[in-house]
Each structure stands twice: as structure tokens, then as C-alpha cells.
Amino acid sequence: MEEKYAFSEIEEKWRGRWERDGVYHVPDFSDRPKYYCLEMFPYPSGHLHMGHVRNYAIGDVVARFKTMRGYDVLHPMGWDAFGLPAENAAIQHGVPPARWTRDNINTMRDQLKLMGGSYDWRREFATCHPGYYRWTQWLFLQLYYQGLAYKGKAPVNWCPSCATVLANEQVVTEACERCKTAVERRELEQWFFRITAYAERLLQDLKKLPGWPEKVKVMQENWIGRSEGAEISFPIRGLDEEMRVFTTRPDTLGGVTYMTIAPEHPLCLRVTVPERRSEVDAFIARARNLSELDRTAGEHEKEGIFTGAYCVNPLNGEEVPIFIANYVLMEYGTGCVMGVPAHDQRDFEFARKYGLPVRVVIQPDGEPLDGDTMPEAYTGPGRLVNTGDFNGLPNLEAIAGITRHLEARGAGRFQVQYRLRDWLISRQRYWGAPIPIVYCDGCGTVPVPKAELPVLLPEDVAFQPTGKSPLTELPEFVHTTCPTCGGQARRETDTMDTFMCSSWYYFRFTSPREDGGPWSLARVDRWLPVDQYIGGVEHAILHLLYSRFFTKFLYDAGLVKVQEPFTNLLTQGMVLKDGAKMSKSKGNVVSPEEILGRYGADTTRLFVLFAAPPERDLEWSDQGVEGCYRFLQRVWRLVTSVLEDIQEAPPRPPDHLVGVNRSMRRLTHQTIKKVTGDIEARLNFNTAISAAMEMVNGMHHFRDRVPAVNRDPAVMREAVEKLLLLLAPFAPYLSDELWARCGHATSIHREPWPEYDPELLVEDRIEIVVQINGRVRDRITVPSGITPAEMEETVLAQSRIRELVAGKEIKKVIPVPGKLVNIVVR
RNA sequence: GCCGAAGUGGCGGAAUUGGCAGACGCACCGGACUCAAAAUCCGGCGGGCUAAACACCCGUGUGGGUUCGACUCCCACCUUCGGCACCA
């Protein structure tokens, strides 16, 4: 009776053995080359979902492959453990966030271990542990001392449902990224990181990341939003003050017929003339109201109101009216915009609505533009008109020319603007790392000294659904003494954005228990940068931009030697069911636990790797899983059925084989080549698995169709062992089990990756295609070493080809070595 | 609106440098084994035409183009998905 593939026992057995033998422990230092393979660590929601399974299956193949290739592979796992869901659970179920999080981690760790990942679990940590967040706080202080963390009042995004502010990056089409509630604008005192100081480097260094998907780089580029132009000052009539604007089109300065200010701008109050005061106030109130209510609706009607004030165009001395307009953003540029209706569509619409003049200053070749009758703004190239000394100049030259002219008169300068804003990191929440700041009446804002870190988050707290952080209501937390003067002081009760915790965790994995600093310099130097980073594309901006910012800051501070944290980035696609993302509300969730229980980890891993290339979305298919299960059973039966035959065989087949033995060896070595290339160069695991399947089909053929006397057992032995080595990264349990049954005393996961012999790939005879006028007309078998001239000769000698070309003129014959011959006839 | 990606059998996908379209898997059909079924093994499987095989024709979102030869390169368009969205 043949033994069945008992995945459940096999997997349990090897899981225990690997752990006992420390198979996946990686040394901090050694002579081997290093490779850092990292998957985005999970938020401990309480259960693994298929996205995790896919992410971690991909990462594990890379890690195992590189290990077999001779690298010391750092492959750690941890928990992004602070965050709002823990607080919601506390409110709903009365469980303290710390306990809820700890329980979830325990559950998820068990699930993750079932998957058979090659993690060095000794390095595990959770960001909510004081041993970790102590250094999160320390890093905050480093930023603070460098002037890169500051408290400022600014209009911020407030999510009424989460009862906290959000970073700009966490607002998706004017709604909270987490809960989709429409955000409100509030003026609040908050902590910011000056990421804008790094805007240019964050942009420029994208060029140093050839291993990142173009898509992600473009998204970051757009997010940073660099634009070149000029800042221009317009003196305000009757006030000793100037109105500054940023423009990318200083060449159109002569066409300015009005000016605008954002409704939130303090200048509004100063310029408005008394007789227009009440009307303007009403407009401002309305505009602000609208911007809160109507923000999700996208673009709305452009409206403005005249302030009664005028300012002076520094180029031509003209006075132009100042408006307040609802389309002007306080947060971008200077909060003021010059209006050039003839050459900007938005200004054009505004001018037509309010009867403002449209003056053409850029004239294209051909039909002259007329400001009074033109149907839309002209934004293309041309020569300047109505601009005094600059008339006749091509507008592209005038951009620099006019800016220089203004600069000489102190009325303007070249300026680069970014769309990127500073990173707001304060959260009015409890379950996060406390911001290590104390407010003292005498000394003001005082950083908590290093020796007093961590500022511990009290874990014993009561939760009321008030929307207020419990920290604000804990006197023993709030009341403290000033580190400077020893007097009475009050602690900051806001906590840090959890993206702060995940901006440096990849450094910590190198020295997870270090307590003299956030990491050991020598260890970070050995392991960083991360060679391969793998995770969802939803972090294209948030996490990946913040991490790059942190790395650059740490580089400047001399704390790390890398300027970019992640050399290669793989953004995996989503796991879909019935064409839609799996979600509870749609009821199309497939539970990893269930699949792992029913088919085992090897099958589950194999399926998510086989069903699609990693960067594409993956459609879940129960039948597809079934197919992978069948494949592994097939491997099991094949290998166990030949064990006896190959036991006595030499480990290496003889050199000069012929016929079926030679073909079998060729297939083995072709497969090694194919699988190696697919993993290493392309990360295309689906085609690697296909190749292994083809090899298994070939091995079946070899076993069943070739008489035993003609088969060299050494050839089968080689095929079996190479196959298991090739499958080891994909199906680690099954391959280790069968490896042991082949008579090996040590784990397959300590074996080197197989090499192929190029000589064995060579075929004696190959089939080539014969085309006539590009259409396949015949196939012939020729010796593989044939020259192009011989190919041509052989093909033209074929009777079938002679018939087909009879009576036609042969214009040209194109032989493609090893592939085909194309005969062009007329 | 702007930016980006993708469109290939009944389905997931393959074709890596412009050279045999549909590898591999799923589904389906036929056969072997079986009292029977399941499992397993073997074979078939883009469409048209044909009694059938051969041959031939069509076929990679649509329409053009380049080329001896195009899923692959160029131009225009359509659809789907993702990102940004009053950014001066």
C-alpha cells in the first residue's frame, strides 16, 4: 500500500525541527555576502488575510532562494502594533488596547508560522513595546534638536469619526483614508516634521532607484510636485505692504488684470476698504463654509469678491484690482495668485464672469488673438506683445528675462515651489508612542531628556466613547515636573502618527534588543540597505516616502550610511475574489486559516505564487488551489515511487549519455536554468512553477514509457534531487520531507542552489520553421550546428517547399539561426 | 481634466532581444482502471471550413503604419483599473 501525502503531519514535523535546529537563524556577522529581504510588517488586526499570505509567500521564496545562493539572508518579522483599531476594540469590547494587541499578535504569529516562512524569529518585535518606542521617541528628539520637528498652528485635516487630525498623505479625495469620513479643516497647534526640507533630495534621489517600479516613482514625483517659476511682489496701493505671488509664468506678467487672495489669508482683512467690509466678510464666511461642506464634490464654481483695494504691477506700474477668490489655496505658494485671463483658463473664466479685461501678451504665429473675443485662454508658445521692452521675445526666453529684470529691481526672484507639505505627526489618540515633550510655564516647550525615555504609555486606562484621548484625563500622566527647572509642568498628550514607528523599523531588525541606541551602527552598516522590499502598492506614498525621508535625515545625522533604504521594491497586486477585492462587506473573503488547514501551507503558497505574476492582481480560484494540491501529490507519488530505484544509484550520472537518458538530463538542466532565471532576474514565480510542472511531466514520461533496462537510475536520481531543490523555496515542507527520504541527513534548506551544465542543454537536432512570405508552411528537423547558408540550402531542397514556390520568383531568403527560414516570393 | 498601467481561448495566465501565438494550470470532452463511483493514468481541447484527417482561411481591444516577419515597435482611438485633482 503506497503511503499518502500527509501534509498535516509533514508540516508539523518540519516546523518543529526547523525551530529546534535554528535553521533560519542568521548571524549578525560572517564572511558570507549579505542579503536583506523584507516584507512590510503587518498591523496585528487579529487574523491573517490572503494579502498577507501572498506578500509573505513572495518574500519567503526570495529569502530561501538567496540563502541557497550562498547569502546570509536577514529575513525578519515584527508587528506594526500601534494604531486606532486597538482603541476601537477597547471602546466596543472593554479590552485594554495593550492586551488586545498582544493577543492578536499571538494569534497571528501562530498563523504565520503555519505558512512556513524562513524568519529569524529571534529578531521579532512590536512597535508598541517600550523597548521599541523608547527609540521612536529618541528619534523624535533628534529631529527636534535639528529643527526638523516643530509645533505650529496650521489648517489641518480633522477626521470627526476618528477624532484626530490626519497627515496630508492620509487624506484620500478629501476623506479619511481609514474610515472614508469626509475630513474637516481646523486650525490647530500641532507637531510637524519638516519633510519639505528634503523635498528636492527626495525627488532627485528617485533617479537612484532603478529597482523601483516606475509607477511608484511617478506617484512620489507627483506628490512632491516640484514647479519652477518666480516669486513676484506687487506693492499695495495706500499700504506699506506688498502682495507676493508665485507663478510659473512670469512671461505673462504684462497680462495681469487682477489679483487674488485666499479667503483664509490674513491679508484679506488688511486690504479690504471699509465700505466693502461687510460684503467681503460675508463672502469669506461663505467660502470657508463651502470649502468644508463641499470639498468632496470636486471642483465648484469659481467665485470672488472685489476688496476695493489695488496693487501695482512691478513690470508696467499699472494698478490692478485685488479680489478674494475661493479657488486660491492658502497652503500652496504664497496664498496669493496673479490673474492673467488671456493665458490661463481658470483666470479666463473668472475674468469673463466678473467682466475683467483680457489682455493678450503672448501672440502665437498666424491669426492674432483678440482678448475681447477669444473663446478660451491661450496657453501655448508665442512671442510677447503689450509688454514694453520685452515685445517680440519668444515667451520661453521671457520667463528668465522678466524674472531677471524684476530681480534687479528687488521685485522678484527665481523660485521653486513644491506641492509637498510638512508631515503632521500629532494624533489626538491614546494607542501610540507619546510625544516626548513637556510644557513648563517658565521654560516653555521642553524636550524630555534621553535618560528619562521612554515616556511610558500608561496601559491601565479606562475608555469612554467621548472621542477624547484617555491620556488627557490621566492626571498622573499629564502632571509632571519640568526637566529643566524642576517646576510643575504638563506633558504633551498627543501621540505620534504610527507611520513614524514604521519609518525606521527596518533598521531595528538588525539589532532588535540594542538598548544603548536605536540600533548598533556596525549591524546597520552590515545589513542596510534592504535589498528587496515587498508590499502593497497602497504604501507608494505614505510609508515609502516617510521612510525615505527618515533615512536621509539619519544619514545626515551620521546614524546610518545609506541614503536610500530600499534598493529593490516589489509592489504586489491585490488578491481578488469574483473580480473584487476581498472584504467582509462583500462577503467574498477566503480565510487563509481554512485553506491552510484543508490543503497545507505548501499548496497554499504554491497557489498564490502560481496564479499570477506577483505585481499583478490575483484572482482567487478554489479549483486552482485544487490543481496545485494535485501537483504536489503528483510529486509525492513520483518521488516515493522511485526511491528504491535511485537509492543505490551514484549521485552523478555518467558524462556521455545518449537517447532517453540524455533527454531526461537535458530536461533537468533546462529546468534548473529556467527556474533560476525566473526567480533571480524576473521574480516571476508563476513561470518558474510552470517549468517545474513540465519537468515533473517529463519525469513521469521517463518513468512510465521507458523500459527499465534503458533507464539509468542515476539520471532519475539527479532529476529527483534537482527537482526537490528547485521546489524548496516554494514548497519548503514537502521538499524537506522528500529530501530526507532520499537519504539526506540534513535539511534541504541548508543545501546550495543547483547549477546547470550548459553542455547538457545542447540538442543534436532542432526543429525549425519554414515560412513563405511570413506564413508557416513547413517544419523540418536539422542538425543544431547548421549554418544559415546550410539552412537556406536545406530548406529550398525540400520537396514541399519546391512545390509551393514553383513558378514564383524568390526575392529573398532570410535564415534566422536556430529558429526559422523565411522565403519571400512574388 | 492630467499622469500611469493593462486589454491574448470558456477561465488564470505564457511567449525574457521583432521570429512557430495560446507554455503551465483550471474547466470541459473522450479513453483506460472499477461491479460502480471517486481518485489516478492516457489522449483531445482558439475559431471557421471539412464526414474526417490533411490542406486552407481567420485570430492577441479597434483602425492605420513600419518590417521579409508585429501580442511585441510607431500613430490615432475605445474600454477597464490605479494615482492626482482648483497646485497658480
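Letters go in sequence order (proteins before strands), and every chain restarts at 1.
The closest side-chain heavy-atom distance from A:F730 to A:I679 is below 4.5 Å.
Ion pairing of A:R226 with A:E221 is absent here, as no side-chain N (NZ or NE/NH1/NH2) approaches a carboxylate O to less than 4.0 Å.
To the nearest angstrom, C1' of B:rC84 lies 14 Å from CG of A:L542. With rounding to whole Å, A:E694 atom CD is found 14 Å from B:rA14 atom P. Atoms CG (A:N222) and P (B:rG82) sit 17 Å apart, rounded to a whole Å. Per the geometry, NZ belonging to A:K581 stands 15 Å off P belonging to B:rC81, to the nearest Å. For the pair A:I814 CD1 and B:rU67 P, the computed distance is 13 Å after rounding to whole Å. Protein atom CD of A:Q345 is 12 Å distant from nucleotide atom P of B:rC87, rounded to whole Å. Here B:rC24 presents its C1' atom at 12 Å from CG of A:L606, a figure rounded to the nearest Å. A:E615 places its CD atom 18 Å from the P atom of B:rG82, with the value rounded to the nearest Å.
Spacing between B:rC35 and B:rG47 at atom P, rounded to whole Å, works out to 37 Å. The separation of B:rA38 from B:rG44, taken at their C1' atoms, amounts to 22 Å, rounded to a whole angstrom. To the nearest whole angstrom, the two C1' atoms, one in B:rG61 and one in B:rC54, are 34 Å apart. For the P atoms, the distance linking B:rC11 with B:rG1 amounts to 31 Å, nearest Å. Taking atom P on both nucleotides, B:rC26 is separated from B:rG63 by 35 Å, rounded to a whole Å. Across B:rC68 and B:rC75, the matching C1' atoms stand 23 Å from one another, rounded to whole Å. Atom name P, nucleotides B:rA21 and B:rA55: the rounded distance is 14 Å, in whole Å. Separating the P atom of B:rC20 from that of B:rC71 is a span of 9 Å, rounded to the nearest Å.
The residue from A:T260, A:T307, A:L267 that alone fulfils the side chain to side chain contact (heavy atoms under 4.5 Å, CB included) condition with A:I322 is A:T307.
Ring centers of A:F610 and A:F631: at least 6.0 Å apart, outside the cut-off.
Between the A:N395 side chain and the A:I362 main chain, no donor and acceptor come within less than 3.5 Å of each other.
Residue A:K812 places at least one side-chain N or O under 4.0 Å from the OP1 or OP2 atom of B:rC68. Under 4.0 angstrom from either OP1 or OP2 of B:rA39 there lies no side-chain N or O belonging to A:R634. Close to B:rA88, at under 4.0 Å from its OP1 or OP2, lies a side-chain N or O of A:S227. Taking side-chain N and O atoms only, A:R775 has a distance below 4.0 Å to OP1 or OP2 of B:rC58. Within the 4.0 Å cut-off from OP1 or OP2 of B:rG43, at least one side-chain nitrogen or oxygen of A:R705 is found. An OP1 or OP2 oxygen of B:rC41 is reached within less than 4.0 angstrom by no side-chain nitrogen or oxygen of A:R703.
In this entry B:rC77 has B:rG61 as its Watson-Crick or G-U wobble partner, both defining distances falling under 3.5 Å. With a cut-off of 3.5 Å on both Watson-Crick or G-U wobble distances, the partner of B:rC41 is given as B:rG31.
With B:rC87, B:rG83, B:rG19 as the candidates, the nucleotide lying closest to the side chain of A:M219 is B:rG83.
Taking syn as a glycosidic angle within 90° of 0, B:rG4 does not qualify and is anti.
A distance of 4.0 Å separates NE2 of A:H265 from CE of A:M330, quoted to the nearest 0.5 Å.
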